[in-house]
Amino acid sequence: MIDIKVIREEPDRVKKACADKGMTVDIDHLLSIDARRRELETEFNELRHQQRQAGEKIAKAPKEEKAVLSKEMGPIRDRIKAVEEERASVDAELHELMLRVPQVPHDDAPVGHGDESNVELRKVGEPRRKGDFGFEFKDHLALGESLGLFDFERGVKLAGSRNYVLCGAGAMLHEAVLRLAWDIMLRRDFVPLTVPVLVNERLMVGTGFFPLHRDEVYLAERDNQCLVGTAEVPVTGLHCDEILSEDELPKLYVARSTCFRREAGAAGRDTRGLYRVHFMDKLEQVVLCKADPEESAKWHEIILLNSEDVLQALELPYRVVEVCTGEMGQGKYRMYDIETWMPSRESYSETHSASSFHDFQARRLNLRYRTSPPVAAAGSRTAGKTGRKVKSEIHFCHTLNNTVIASPRILIPLVETNQNADGSVSIPQALRPYMQGMERIEAPAS
RNA sequence: GGAGAGGUGGCCGAGCGGCUUAAGGCGCCGGUCUUGAAAACCGGUGACGCGCAAGCGUCCGGGGGUUCGAAUCCCUCCCUCUCCGCCA
C-alpha cells in the first residue's frame, strides 16, 4: 500500500510506476472513488453530529415530548443508514484498488521488463564451466544418484511432482548449510526467531503477496490460513498493529522456516532436480527500521553483504544484480538478486533476493513507530518552560528482507562445483564442522 | 473436544440504554517547591478520518441487529483464561 495522498497529488508518477512495473491499475477510477468516499465521509459526519445533539435534547426533554422528538429523528436515522451503506461499499472498492497499486520504485532502479534489463553490479569468484573440470562433468542429479543424496522417485510417490527426499549425506548437507548460515547471522546480532508457517490470510495481504499472487500459495481454506512461501511473511508481520518506539529500531531478525510454493505459473519449467520444488527450507533475514530512505538503504546493503558472506564461506562463485522495475514485484522499492553459478545450468541462477519495500508492507500491516522527542540540552532546567512543545510523531516503518540461504536449491552449485574425478564430492572447509568432520562424500560401499 | 469465565485507552480497572466529551488508579511528560533529587501538589497525557483552520466525526475484540440514542441489550465469529478430556 502506498499513501493515497501520493496518488492524489502526483497521479502521473504513480501511473508511470504502473507502466514501469508492467501493472494495470485504473488510477483515474481510483481517484474518483476516493473523491466520492470523502463526500460521504463529510455527509456522515454532519448527520451524526445532528443525531448526537438531538439525542442529548431528547434525554433532557420532559417525558411527554420525548416521543415527538424521537419521531422527528426517523428520517435522519434512515439517511445515516443509507450513507453508511454506500460508504461501506465505496470503502471496500477503494481498498481493493489500493491493494493493487504498486510501490513507486527508486529513481535509479533500472527500467525494463525482463532479466536482460537487470544490471550486473559485481561478480565474485571464478565460475567453472562443464568443460573446465578436466573429467566428465556430472550434474547434481547424476551425483545425487551415484552418491545416494536425493530420492526424487519416492518424493513424487509421497507428494507428487516437484517433491523429493534428501537422504544421508544429502540431508546432512542441507542441514549443514542452514546451520552455518544461522551461526553467521547470530554473529551479526540478528535475533533468531521461530515462527508459524501456517498463518492468517491477513499476513499475506499485509506482506503484499495477496491479492496478486494468491495462485502461488497453498491455502488451508477451512481455516482461512495459508502456508507461507517464506519466513518473510510471519517475521515482517511480527509487529503488525503495533507502535514501536524509535529507540528499539532497527529490529533485526533471522528466522528459518520451511517454505511452500505451488509454482503455479511455472508449469513445465525446471521440472527436474532440486531447482524448482514445492517445499524448501530457508533462512531469511528481516529488518524493520525507521522511515528514513538513507537508513533503509544502508540496511539494504548490509543484508546483501551478509548473504554474500555466506556464499563466500561456502566458496561458491556468484554475482549480484540490481533487478529491473518489471521484475521486482508490486511492493518493492529496490531489489538486488544474488545469482550463484550453477555449472549444470551454465548460468548464474537466482539463489537470494534482497528487497527494500520502504513503507509499502508497513502500511498494509499497520506497523508503526513513534519518534523519540529530542532530548533537552543538558543542564537547561528551563528548557521545558521556554522550549516549544515538541510532539513525537508516528510513522510507518520501512521493511527489508533477504535470503540468507535457501536449501536444497543451493545444494545444486554446492555438489556440482565440488565434484571430483572419482565421482566423490568434497565438502568445503566451513561446512565440515556441521558434517561430523566429513571431508568428502563418497559412493556408499554396496 | 466438553464445561465455565472473560476481552474497555501504554498498563490495571469501573461502567451494564441517554449528566461517559469512558470514572478512578498506575505509568509517562511538563510545572510548583528544591543546591540536586525524592515526596507532595497542580496541569497534561490514545489512535484514525474529514477540514486551510476553528472544529466535527469514528474507535470500548471483529461483524451484524434492536433503538430517536448502544461500551451497556440481542445474534454471530475470533481470541484469552480456568477446570476436565486427549496428546508430541
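Atom set for the values below is all heavy atoms of this structure, side chains included, hydrogens, waters and symmetry mates excluded. The chains referred to below are lettered A, B, ... by the order of the sequence lines, with proteins before strands, and numbering in each begins at 1.
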Completion exercise
Closest to the side chain of A:Asn45, out of B:U58, B:C68, B:G49, is B:G49
Problem - Distance-only polar pair, side chains of A:Glu46 and A:His49, donor-acceptor under 3.5 Å - result: no
Exercise for the section: Send over the distance from A:His95 NE2 to B:G49 C1', rounded to a whole Å. Expected result: 16 Å
Exercise for the section: For nucleotides B:A71 and B:A5, find the distance between their P atoms and express it as a whole number of Å. Expected result: 24 Å
Exercise for the section: Would you mind classifying the nucleic acid contact of A:Glu46 as base, sugar-phosphate or nothing, using non-hydrogen atoms under 4.0 angstrom? Expected result: nothing
Exercise for the section: Under 4.0 Å between any heavy atoms, over every strand shown, what does A:Arg202 touch: base, sugar-phosphate, or nothing? Just pick one. Expected result: nothing
Handout entry: Centroid-centroid distance, A:His395 to A:Tyr369, less than 6.0 Å
Key = yes
Practice task
Would you mind classifying the nucleic acid contact of A:Arg36 as base, sugar-phosphate or nothing, using non-hydrogen atoms under 4.0 angstrom?
Solution key: nothing
Exercise for the section: Give the rounded distance in Å between these two atoms: CG of A:Asp241 and P of B:G10. Expected result: 13 Å
Handout entry: Pairwise C1' distance, B:C86 and B:G13 [rounded to whole Å]
Key = 37 Å
Fill in the blank from the handout: From the candidates B:G49, B:G69, B:G46, the one with an atom nearest any side-chain atom of A:Arg370 is B:G46
Completion exercise
Here the distance between atom C1' of B:G65 and atom CD of A:Glu84, to the nearest Å, is 13 Å
Handout entry: Distance-only polar pair, side chains of A:Ser426 and A:Asn418, donor-acceptor under 3.5 Å
Key = no
Handout entry: Nearest-angstrom distance from the residue atom NE2 of A:His49 to P of B:G51
Key = 18 Å
Exercise for the section: Considering only NZ, NE, NH1 and NH2 on the basic side and carboxylate oxygens on the acidic side, decide whether A:Asp3 and A:Arg363 come within less than 4.0 Å. Expected result: yes
Exercise for the section: For the residue pair A:Phe357 and A:Asn401, establish whether any side-chain heavy-atom pair is separated by less than 4.5 Å. Expected result: yes
Practice task
Give A:Arg87 one of three labels, base, sugar-phosphate or nothing, depending on what nucleic acid heavy atoms sit under 4.0 Å from its own.
Solution key: nothing
Exercise for the section: Using whole Å, report how far CG of A:Leu244 lies from C1' of B:A47. Expected result: 15 Å
Handout entry: Nearest-angstrom distance, P atom, B:A54 to B:U67
Key = 38 Å
Problem - Rounded P spacing from B:C42 to B:C33 in Å - result: 16 Å
Problem - Any A:Arg52 side-chain nitrogen or oxygen under 4.0 Å from OP1 or OP2 of B:U58 - result: yes
Practice task
State whether the side chain of A:Asp139 and the backbone N or O of A:Ala142 hold a donor-acceptor pair below 3.5 Å, judged by distance alone.
Solution key: yes
Problem - A:Arg38 vs B:G51: side-chain N/O to OP1/OP2 distance below 4.0 Å - result: yes
Handout entry: Lys NZ or Arg CZ of A:Arg409 over A:Tyr275 ring: under 6.0 Å, within 45°
Key = yes
Practice task
Starting from the 5' end of RNA chain B, give me the residue, A:Phe44 or A:Arg8, whose nearest nucleotide shows up first.
Solution key: A:Arg8
Practice task
Can you tell me, in whole Å, how much space there is between the C1' of B:C11 and that of B:C16?
Solution key: 23 Å
Problem - B:C60 versus B:C52 - spacing of their C1' atoms, nearest Å - result: 33 Å
Practice task
Toss me the dot-bracket line for RNA chain B: Watson-Crick and G-U wobble, both under 3.5 Å, 5' to 3', using | for pairs to another strand and [ ] for crossers.
Solution key: ((((((((.[[[..)..(.....]]]((((((.......))))))(((((....))))).[[[[[..)....]]]]])))))))....
Exercise for the section: Could you measure between the two P atoms, the one in B:C26 and the one in B:G44, and give it in whole Å? Expected result: 16 Å
Practice task
Would you please say whether a donor-acceptor pair under 3.5 Å links the side chains of A:Gln285 and A:Asn306?
Solution key: yes
Practice task
Would you mind classifying the nucleic acid contact of A:Ile394 as base, sugar-phosphate or nothing, using non-hydrogen atoms under 4.0 angstrom?
Solution key: sugar-phosphate
Practice task
In whole angstrom, give the distance that lies between atom CD1 of A:Ile4 and atom P of B:C48.
Solution key: 16 Å
Practice task
Measure from CZ on A:Arg48 to P on B:C59 and round the result to the nearest Å.
Solution key: 7 Å
Problem - Validation row, ring centre A:His398 to ring centre A:Tyr333 under 6.0 Å - result: no
Practice task
For B:G61 and B:C56, measure between their P atoms and round to the nearest Å.
Solution key: 26 Å
Problem - Whole angstrom value for the distance that separates C1' of B:C77 from CG of A:Asn224 - result: 11 Å
